[in-house]
Amino acid sequence: MLSGLARPLKAIPPKYFYDARGSRLFEAICRLEEYYPTRSELALTRRHLAAIARFAGGGCELIEYGSGASVKTRLLLRRLRPAVYVPVDISVPALRAAAGRLAREFPWLETLAVAGDFSRRLAMPPARSGARRVVYFPGSTIGNLTPQEAHAFLRRTRGHLGRGGAMLVGVDLKKDANVLHAAYNDAKGVTAAFNLNLLARINRELGGDFDLRRFRHYAFYNAALGRVEMHLVSLAPQSVHVGRRRFDFEAGESIHTENSYKYSIDGFRALAGAAGFRGEKVWLDPKGLFALHGLVVA
């Protein structure tokens, strides 16, 4: 985390958003009127649940990256009745809470929780003989990765799946920039609090002295790169200490905290194809804002 603050263009990976408070704030973002991705993905999941379940196959091993025990996940678990469910999350408190909720709701479900960073190599439980492995990766989280990182991630995931394996990947589609701007700059300021919590986390866990009042949330659509960017902008010249290290900021200098890439359907299929997958299915929400891709190992 701190190495990113020492760069000429300061940046912190978005995976560090998700401590306990960050996870709660993101759940609040998902309920906002402006934030369409969660509603859109839920709508398409409900509308196409039978077809999605047929694609995945009943009794499969279901692996979910960035698990949250959301409504979408529970719909899929209820319909699929997987042989085993493997939730993977970087936030241990969020993972424990999700696993506890699922155990109460699905007492028949065998759950093998994995605490880890899915953007790196993971030690996964051994595959069950005869069960198809399916990775569920909803929420357009893949958009937080650059196309190069997304390619590497898909290649690693392909290695976990083996022959006959499949992925269900939620992908946010390219759309009107005004819709994107509203989604990442909500009127209630929840996204701003989520972004600023990153600095609060550094203060809590690493002994930092960031004054959150001297930074501002800034998000915009970079049309040339096809992504929404989130930044924390310094409102004045200042120095910040984290432990024994000092980081200097000019007025207007930012910390780049997140990208959210938007894809066309064909563009994402091409990315997946280069990583060793074949795009077999795609489901859209009624407004055409969001897509769920069904990929199989080629």
Tell me which donor-acceptor pairs under 3.5 Å the side chains of residues 189-196 have, and how far apart each pair is, sequence neighbours excluded?
{"from": "Thr191", "atom 1": "OG1", "to": "Asp186", "atom 2": "OD1", "distance (Å)": "2.6"}
{"from": "Asn195", "atom 1": "OD1", "to": "Thr257", "atom 2": "OG1", "distance (Å)": "2.9"}
{"from": "Asn195", "atom 1": "ND2", "to": "His217", "atom 2": "ND1", "distance (Å)": "3.0"}
{"from": "Asn195", "atom 1": "ND2", "to": "His231", "atom 2": "O", "distance (Å)": "3.0"}

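- A distance-only check finds no donor-acceptor pair linking the side chain of Lys15 to the backbone of Pro13 [under 3.5 Å].
- Phe215 is linked by a ring pair (Phe, Tyr, Trp, His ring centres under 6.0 Å) to Phe210, Phe249, counting only residues two or more places apart in sequence or in another chain.
- The number of heavy-atom neighbours closer than 6.0 Å to CZ of Arg121, taken from other residues, nucleotides and ligands shown, is 12 or below.
- Annotation: cation-pi pair Arg132/Phe55 present, NZ/CZ under 6.0 Å from the ring centroid and within 45° of its normal.
- Not a single ring pair (Phe, Tyr, Trp, His ring centres under 6.0 Å) links Tyr35 to another residue, sequence neighbours left out.
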Determine, step by step, whether Leu232 and Ile12 satisfy the side-chain contact (heavy atoms from CB on, under 4.5 Å) criterion, reporting the C-alpha distance in whole Å, the side-chain angles of both residues, the deciding distance to 0.1 Å, and the verdict. CA-CA 10 Å; Leu232 291 166; Ile12 298 176; over 6 Å; no

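- By the salt bridge (Lys or Arg N to Asp or Glu O under 4.0 Å) test, Asp285 pairs with no residue at all, sequence neighbours left out.
- Under a 3.5 Å cut-off, the side chain of Ser140 and the backbone N or O of Asp172 do form a donor-acceptor pair.
- Aromatic rings from Tyr65 and Tyr136 are positioned such that their centres are separated by 6.0 Å or more.
- Among residue pairs with one or both ends in residues 32-47, those qualifying as salt bridge (charged side-chain N to carboxylate O under 4.0 Å, His left out) are Glu41-Lys72; sequence neighbours excluded.
- Between Phe268 and His293, the ring centre distance stays below 6.0 Å.
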Sequence neighbours excluded and cut-off under 3.5 Å, please list the side-chain donor-acceptor pairs for residues 275-284, or say none.
{"from": "Arg278", "atom 1": "NH2", "to": "Glu280", "atom 2": "OE1", "distance (Å)": "3.0"}

Please report the C-alpha distance between Tyr184 and Phe220 in whole Å, then the side-chain angles of each, then the deciding distance to 0.1 Å, and finally whether the ring pair (Phe, Tyr, Trp, His ring centres under 6.0 Å) criterion is met. CA-CA 8 Å; Tyr184 292 84; Phe220 66 97; over 10 Å; no

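- Between Phe137 and Phe118, the distance from one ring center to the other falls under 6.0 angstrom.
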Go through Leu161 and Val134 one step at a time and tell me if the side-chain contact (heavy atoms from CB on, under 4.5 Å) criterion holds. CA-CA 7 Å; Leu161 292 172; Val134 179; 5.8 Å; no

